[in-house]
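Below is one structure, written out as structure tokens, with a few remarks after it.
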Amino acid sequence: MTRASGAIGVRIAGTGSAVPERRLTNDDLAKMVDTNDEWIVQRTGIRERRVCDPSREGTFTLNRDALKNALDASGMKGSDLDLIIVGTCTQEMSCPSVACRVAGEVGAVGAGAFDVVAACSGFVYSMNVADSLIRSGRFKRIGVCGGDAMSSVIDYQERSVSILFGDAAGAAVLVADENPDRGCVYQQLGSDGRDWSGLYLPRRAQEVPEADRDNPIRLGCLRMNGREVFKFAVNRFRQVIEEALEATKLTPDDLSQVICHQSNIRIIESAMEKIGLPKDKVFVNIDRFGNSSAGSVGLCLDQVWRAGKVPAGKPMMMVAFGGGMTWASGVWNV
Ligand code: COA
């Protein structure tokens with residue numbers, strides 16, 4: 001939907017990101033399961049991904065560090081924030097939320113804090129919700145994070161899922177702005193819960209659908225029907241971008257960047273080709289970071305932001321899809 005009328009706009013005051021130091025290359029994976037670098041690069045575009053050292057890193061630390069970086073870039077302190085939203089699906093604990101722990105560590109005592117669970121769409125969902133809350137006039141400065149430690153929910157004995165995912169978090173600090181045309185001028189949040197079993201993370205045997213009872217991936221780890229998800233992603237990705245362009249009457253030429261979820265290079269390229277998006281408008285880092293779920297779009301945003309690829313005066317688009325199934329897009333005047 002397009003922006004509701006109102007006098008408040010939203011400015012991205014700064015961005016940040018965090019990734020673990022440890023690299024897991026395709027050759028490293030080939031030592032763990034029956035796969036190889038050539039197959040992975042050809043089918044996914046991924047060469048390596050980052051993975052946490054579970055003794056000291058995880059979803060909470062990645063989101064905390066990404067937000068700290070975004071606050072530094074904004075010249076703000078945690079105590080300036082009145083709300084923190086974290087998009088994630090790999091929370092260490094269901095209570096407290098990751099957002100509460102992040103708020104506690106960045107000094108945002110008293111700020112509201114909650115997690116958004118929309119899998120790989122988590123960061124775009126959270127940015128859209130934050131923009132709407134600022135436009136409502138109820139919040140002025142929101143720290144938005146998206147981040148997952150996917151390595152904590154991957155069965156590395158199994159090759160179909162383990163090759164895709166990595167760990168990362170991205171963050172942005174959003175502040176109220178006097179220009180109502182600044183911020184998210186169009187957004188979409190979507191889901192279709194009918195096909196949830198194409199990509200899911202079962203904790204208990206009761207949750208596993210009959211048709212998936214023989215799945216060798218152990219409980220507590222991510223399961224995926226790769227071909228089904230691929231079909232869904234290619235179609236939905238294209239459709240969501242086309243709907244955003246149509247609603248805003250923009251063409252690909254009008255955009256500075258389309259910052260898209262890094263799921264598979266073939267999914268990204270297929271959408272680019274069908275929509276006619278030139279290569280220089282679609283940021284890609286999947287080769288180095290794999291699919292970091294809710295971390296992916298936030299990490300890309302931070303990298304394009306710091307590289308000066310999203311200048312004021314040209315809108316940019318963020319788009320993601322993921323488990324649920326979920327999808328989301330946002331067109332932003334920065
Ligand atoms: N290494 C080597 N071979 C592998 C392999 C691996 N890691 N994984 C599967 N294979 C084999 C299969 O066993 C199969 O062999 P067979 O033909 O002898 O049966 C063959 O490769 C093809 O498998 P398939 O599953 O059809 O491959 P694919 O082309 O669909 O690629 C994915 C698999 C997972 C890369 C692809 O389906 C995909 O990217 N799906 C979307 C995933 C996604 O984006 N998820 C996140 C959404 S947010």
Side-chain angles (χ1 to χ4, degrees), residues 24-49 87-90 116-125 146-148 150-151 153-168 170 190-193 195-201 212 214-217 221-240 259-272 284-287 289-300 318-329:
L24 184 68
T25 65
N26 292 347
D27 287 339
D28 293 334
L29 277 167
K31 290 179 195 140
M32 297 152 78
V33 285
D34 180 17
T35 190
N36 58 76
D37 178 62
E38 194 190 348
W39 193 96
I40 301 173
V41 172
Q42 215 173 59
R43 303 280 176 130
T44 70
I46 301 168
R47 293 181 184 278
E48 61 180 41
R49 65 291 288 143
T88 187
C89 64
T90 55
V116 165
V117 181
C120 302
S121 312
F123 183 72
V124 184
Y125 254 70
D148 277 307
M150 294 305 288
S151 59
V153 295
I154 294 298
D155 185 343
Y156 285 103
Q157 309 290 313
E158 221 282 336
R159 66 181 182 175
S160 65
V161 183
S162 59
I163 56 156
L164 292 173
F165 292 92
D167 303 343
S191 77
D192 185 345
D195 297 329
W196 64 267
S197 62
L199 184 57
Y200 74 113
L201 212 173
D212 207 26
D214 296 334
N215 194 322
I217 294 180
C221 291
L222 193 70
R223 297 174 175 207
M224 182 180 73
N225 181 332
R227 286 183 205 178
E228 283 305 310
V229 174
F230 191 90
K231 268 189 263 164
F232 160 82
V234 163
N235 293 330
R236 184 60 62 185
F237 192 29
R238 192 197 70 231
Q239 194 182 340
V240 168
I259 303 173
C260 59
H261 174 46
Q262 308 287 301
S263 55
N264 181 322
I265 193 67
R266 291 188 293 143
I267 295 172
I268 298 172
E269 283 175 350
S270 150
M272 280 166 60
V284 170
N285 66 12
I286 192 170
D287 52 327
F289 299 102
N291 177 346
S292 54
S293 183
S296 135
V297 175
L299 175 64
C300 290
M318 288 187 271
V319 52
F321 48 85
M325 303 304 288
T326 57
W327 58 90
S329 69

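First listed ligand is number 1; within each ligand, the first listed atom is number 1. Please read these numbers as outputs of a predicted model, since none were measured by experiment.
- Closest to atom 10 (N) of ligand 1, if we only count protein heavy atoms, is Trp39 CZ2, 3.4 Å.
- Scanning for ring pair (Phe, Tyr, Trp, His ring centres under 6.0 Å) contacts around Trp39 gives an empty result, with sequence neighbours left out.
- The line from CD1 of Ile40 to OG1 of Thr35 is 3.5 Å long, rounded to the nearest 0.5 Å.
- At least one donor-acceptor pair closer than 3.5 Å links the side chain of Arg266 to the backbone N or O of Arg43.
- Scanning the protein for heavy atoms near atom 46 (C) of ligand 1, the closest one is Asn291 ND2, 3.5 Å.
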Practice item. Give the intermediate values and the outcome of side chain to side chain contact (heavy atoms under 4.5 Å, CB included) for residues Asn291 and Gln262. Key: CA-CA 5 Å; Asn291 177 346; Gln262 308 287 301; 5.7 Å; no
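- Of the possible polar contacts, none joining the Arg223 side chain to the Ser197 backbone as a donor-acceptor pair under 3.5 Å is found.
- Looking at atom 39 (O) of ligand 1, its nearest protein heavy atom turns out to be Asn264 ND2, 2.7 Å.
- Protein heavy atoms are absent from the space less than 4.0 angstrom from atom 17 (O) of ligand 1.
- Leu299 has its side chain within reach of Phe289: a pair of non-hydrogen atoms, C-beta onward, lies under 4.5 Å apart.
- Atoms of ligand 1 lying under 4.0 Å from at least one heavy atom of Val229, given by number and element, are 43 (C), 45 (N), 47 (C).
- In terms of N/O distances under 3.5 Å, ligand 1 is approached by Arg227.
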Expected list for residues 228-235: side-chain donor-acceptor pairs under 3.5 angstrom, two or more places apart:
from: Glu228; atom 1: OE2; to: Lys231; atom 2: NZ; distance (Å): 3.3
from: Asn235; atom 1: ND2; to: Lys231; atom 2: O; distance (Å): 3.3

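- Listed by number with element, the atoms of ligand 1 under 4.0 Å from a non-hydrogen atom of Phe321 are 48 (S).
- To the nearest 0.5 Å, atom OG of residue Ser191 and atom OH of residue Tyr125 are 5.0 Å apart.
- For ligand 1, the atoms closer than 4.0 angstrom to any heavy atom of Arg266 are 29 (O), 31 (O).
- In this structure, the protein non-hydrogen atom closest to atom 1 (N) of ligand 1 is Thr35 OG1, 2.7 Å.
- Contact check for Asp192 versus Trp327: side-chain heavy atoms found under the 4.5 Å cut-off.
- Under 4.0 Å from ligand 1, the heavy atoms of Ile163 that appear belong solely to its side chain.
- Counting protein heavy atoms under 4.0 angstrom from atom 43 (C) of ligand 1 gives one or more.
- In Ile40, neither the side chain nor the backbone holds a heavy atom less than 4.0 Å from any atom of ligand 1.
- Nearest to atom 48 (S) of ligand 1 by heavy-atom distance, out of Gly324, Ser160, Cys120, Ser296, is Cys120.
- Within the 4.0 angstrom cut-off, atom 27 (O) of ligand 1 has one or more protein heavy-atom neighbours.
- Of all protein heavy atoms, the one closest to atom 29 (O) of ligand 1 is Arg43 NH1, 2.7 Å.
- Residue nearest to atom 41 (C) of ligand 1, selected from Ser263, Gly198, Gly226, Ser121: Gly226 (by heavy-atom distance).
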Exercise for review: Would you check, one step at a time, whether the test side chain to side chain contact (heavy atoms under 4.5 Å, CB included) holds for Asn26 with Asn36?
Suggested key: CA-CA 7 Å; Asn26 292 347; Asn36 58 76; over 6 Å; no
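- Shown here, atom 13 (O) of ligand 1 is in close reach of the protein: a heavy atom of it lies under 4.0 Å off.
- In terms of polar-atom proximity, defined here as any N/O pair under 3.5 Å, His261 makes no such contact with ligand 1.
- Of the protein's non-hydrogen atoms, Thr44 CG2, 3.6 Å is the one closest to atom 35 (C) of ligand 1.
- For Ile267, the heavy-atom gap to ligand 1 drops under 4.0 angstrom.
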Practice item. Starting from the C-alpha separation in whole Å, work towards a yes-or-no answer on side chain to side chain contact (heavy atoms under 4.5 Å, CB included) for Val240 and Phe321. Key: CA-CA 9 Å; Val240 168; Phe321 48 85; over 6 Å; no
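- A donor-acceptor pair is defined here as one N or O able to donate and one able to accept, closer than 3.5 Å; such a pair exists between the side chain of Asp148 and the backbone of Thr90.
- In terms of protein heavy-atom proximity, atom 11 (C) of ligand 1 is closest to Arg159 NH2, 3.6 Å.
- Side-chain atoms of Arg238 and Ser270, non-hydrogen and from C-beta on, never get closer than 4.5 Å to each other.
- With respect to atom 45 (N) of ligand 1, the closest heavy atom belonging to the protein is Met224 SD, 3.3 Å.
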